[in-house]
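Data block below; observations after.
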Amino acid sequence: MSELKLFNSLTRQLETFTPVHEGEARVYTCGPTVYNFPHIGNMRAYVFADTLGRVLSYKGYKLTHVINITDVGHLTDDADAGEDKMEKMAAEKAQSIWDIARHYTEAYWADIQALNIRQPAHWSIATDYVPAMIDYAKSIADKHCYELESGLYFDTSTVAHYGALARAKTEDGEGRIEEVEGKRNAADFAIWRKTPAGETRQMEWDSPWGKGAPGWHLECSVMSEALLGLPFDIHTGGIDHREIHHPNEIAQNQARCGSDHSGARFWMHNNFLIERSGKMSKSSGEFLRVQLLIDKGFHPLAYRLMCLQAHYRSELEFSWEGLQAALVRLKRMVMGVANLKTQYADTQSRHAELVSASIVPNAPTVEADAWTLKQVQGDVVGVKGDVAPAISATLKDFTAAVMDDLNTAIALTALETLISLKKINVADQLAAIADMDNVLGLNLMALTRQDLRVRPKAAIITEPEIEAALDARKEARAAKDFAKSDAIRDDLIAKGVEVMDGDPLGWDWKLDI
Ligand code: AMP
Ligand code: ZN
């Protein structure tokens with residue numbers, strides 16, 4: 001298999017991936033701050049990290065992936081300004097932080113599942129690591145930190161090339177507006193935030209610097225080191241983290257291990273999903289989250305496909321039309337795979353008939369060897385042995401694309417070419433599709449056309465009612481009673497049902513809400 005090239009934000013270049021530990025890939029992904037539902041932009045970051053993990057597995061590495069859950073310490077501003085997001089939400093909702101954290105962590109996990117994102121080896125919960133964070137801070141405090149009334153601060157001038165990842169000058173780094181009195185450098189950040197005198201925080205711990213809570217940047221350094229060891233292979237996050245959060249993590253890692261040490265060999269960042277009407281803001285009433293897409297009748301994997309259609313380093317503009325187009329594309333793939341499964345089942349039953357009529361000996365067919373029905377259901381995948389040149393050509397294109405800094409847009413076209421191949425060994429074809437889908441995560445081997453027909457929450461008509469109306473319409477048309485058939489159609493349209501006569505995808509109707 002060709003070399004895996006990845007874009008390293010540290011060097012702003014494509015580099016060949018070679019692992020720190022032979023045969024392994026260790027990846028850390030900055031997880032969500034669980035003070036609210038994630039929006040679909042946040043979820044783009046995890047689709048990206050998941051795709052990266054799947055490509056590493058495809059390449060044969062034993063993957064250890066860690067995603068953290070930030071349930072303490074993230075302020076409303078990524079630098080040191082503002083309130084703790086968790087404390088703020090808990091006060092607004094008059095609930096305990098622990099309940100808020102549990103609720104939104106579960107909601108995030110539901111989105112992870114809906115988008116077919118594989119479970120990482122570890123979900124590291126920040127509050128589980130507070131004692132480790134205190135030990136870590138103690139180990140770097142003397143040489144790299146200073147204490148102010150509000151907390152323990154990291155002195156960014158004590159490490160070489162602070163902010164190199166951001167390509168920012170330390171004095172005017174973005175987001176450093178609300179200055180803390182006594183800070184030695186504008187970019188210095190709190191690694192421990194003391195509870196102000198006379199206040200009680202819901203989440204606070206004793207420390208050598210007084211009662212308080214850890215800083216957000218400290219969390220990721222501590223958890224990545226604890227679970228993956230330093231250096232590990234790849235650290236991921238959204239592009240906003242390239243500016244403050246990751247430079248700060250790197251500074252801490254340097255303090256711990258020496259100036260040459262950023263902690264991870266590759267730092268990779270996904271670009272943003274953008275939406276111009278402001279619906280992605282968590283403060284807008286109906287904000288764009290995965291459940292909203294489902295409520296509007298979109299299967300969540302259409303959103304995954306939408307993400308994969310763009311390169312992870314490009315901005316991606318969200319639109320409902322774009323999502324609809326992705327859903328139609330997904331349907332075409334699902335129907336293509338369904339046809340191949342039917343063809344495969346036919347070859348199996350034809351073979352069984354020939355065996356029972358003693359026309360062929362009771363030996364397994366080539367297809368049965370390579371591809372059992374169990375495999376078709378998605379349990380096992382893998383192209384075995386030689387396959388037809390047309391199949392191996394698509395596999396080659398697919399592999400070259402994903403090895404080229406995860407070019408999923410091109411990989412998708414290779415998959416579609418493979419699905420549309422005719423008159424080749426269908427078992428091999430299915431096996432190759434399953435291999436590709438294992439990387440793209442569209443769940444093509446299991447999804448059915450029916451699964452993709454998600455009922456919009458606001459729908460006012462049931463499926464049996466629609467089917468009955470369509471039957472009546474068919475009868476009316478057969479009897480050439482066009483007034484009646486048009487009336488039925490108008491009634492359906494009024495109820496939000498689009499009637500699709502002769503749709504090439506075989507959909508008779510669609511709820512259009
Ligand atoms: P947060 O919960 O705010 O820490 O964000 C979780 C992840 O989502 C981080 O990796 C962010 O960089 C990323 N992120 C935030 N907004 C967007 C967006 N609009 N598009 C893509 N990724 C985003
Ligand atoms: Zn982080």
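Numbering of ligands and ligand atoms starts at 1, following listing order.
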Excluding sequence neighbours, so at least two apart, what forms side chain to side chain contact (heavy atoms under 4.5 Å, CB included) with Pro300?
Ala114, Leu115, Val290, Ile294
Aromatic rings Trp109 and Trp123: how do their planes relate, parallel, tilted or perpendicular, breaks at 30° and 60°?
tilted
Tally, protein N/O/S atoms nearer to the Zn ion (ligand 2) than 2.8 Å:
3
Quick one, Glu275 with His39, criterion side-chain hydrogen bond (donor to acceptor under 3.5 Å, both in side chains). Give me CA distance, side-chain angles, the key distance, then yes/no.
CA-CA 11 Å; Glu275 200 272 333; His39 57 52; over 6 Å; no
Contact list for residues 406-418, test side-chain hydrogen bond (donor to acceptor under 3.5 Å, both in side chains), sequence neighbours left out:
Arg329-Glu416
Would you please say whether a donor-acceptor pair under 3.5 Å links the side chains of [X] and [Y]?
X      : Y      : answer
Asp188 : Tyr146 : yes
Thr448 : Asp451 : yes
Asp71  : Tyr104 : no

Sub-4.0 Å heavy-atom environment of ligand 1, residues by chain
Gly31, Pro32, Thr33, His39, Gly41, Asn42, Ala45, Tyr46, His74, Gly237, Gly238, Asp240, His241, Asn270, Asn271, Phe272, Leu273, Met280
What do the steps show when you test Tyr303 against Ile40 for side-chain contact (heavy atoms from CB on, under 4.5 Å), and what is the final call?
CA-CA 9 Å; Tyr303 177 64; Ile40 55 172; 3.8 Å; yes
Under 6.0 Å from the CD atom of Gln95, do we count more than 12 heavy atoms belonging to anything else shown?
yes
